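Below: one structure, written as structure tokens.
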Amino acid sequence: MANQPSQEIKIELAPEIASGKYANLAVINHGPAEFFLDFIALAPNMPQAKVQSRVIMTPENAKNLLFALSDNIRRYEATFGEIKQIVPKNHINGNNTPDGEIPNPFIAGGNA
């Protein structure tokens, strides 16, 4: 099969989107046809957290995101050094800490 020239995609970034939304927690769920990524701003000692943004994507695009993020982290660490994971010892087995912190959902056994 002959190589086809890649097409350039022009992406518009509206000013109200360009400033972004801060999130320090992501909750990921999936169904048979899509992945739901909820980005949340979690404040200390607050009983509620607000979803800042929800992204819904196909399983194929979720996997593409995984590889793209992995590649970007590898390049970041090559430039700035290893990103240290902060893993409180009580979170390793998915247990809530006495101070009520939410376990990290990216750690095996963690809860969201």
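Here the structure is a predicted model, which means the values were calculated and not measured.
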Do [X] and [Y] have side chains that get closer than 4.5 Å, going by heavy atoms?
{"X": "M57", "Y": "L65", "answer": "yes"}
{"X": "L13", "Y": "I11", "answer": "no"}
{"X": "I40", "Y": "K50", "answer": "no"}

From L42 atom CG to Q52 atom CD, the distance as rounded to the nearest 0.5 Å: 11.0 Å
Applying side-chain contact (heavy atoms from CB on, under 4.5 Å), run through V27 and N29 and close with a yes or a no. CA-CA 7 Å; V27 175; N29 291 294; 3.8 Å; yes
Does one hydrophobic cluster hold both I28 and I56, with members joined at side-chain heavy-atom distances below 4.5 Å? no
Ignoring hydrogens and angles, tell me if any N or O in the side chain of E77 forms a donor-acceptor pair with the backbone of I83 under 3.5 Å. yes
Looking only at heavy atoms, the pair that brings A33 and P59 closest together is O-CD, 3.2 Å
Presence of salt bridge, K10 and E12, under 4.0 angstrom: no
ring-ring contact (aromatic ring centres under 6.0 Å, His included) contacts touching residues 31-55 (sequence neighbours left out): H30-F35
From I73, L66, D71, residue fulfilling side chain to side chain contact (heavy atoms under 4.5 Å, CB included) relative to L69: I73
Can you check side-chain contact (heavy atoms from CB on, under 4.5 Å) on L37 and R54, steps first, answer last? CA-CA 6 Å; L37 293 80; R54 170 174 273 188; over 6 Å; no
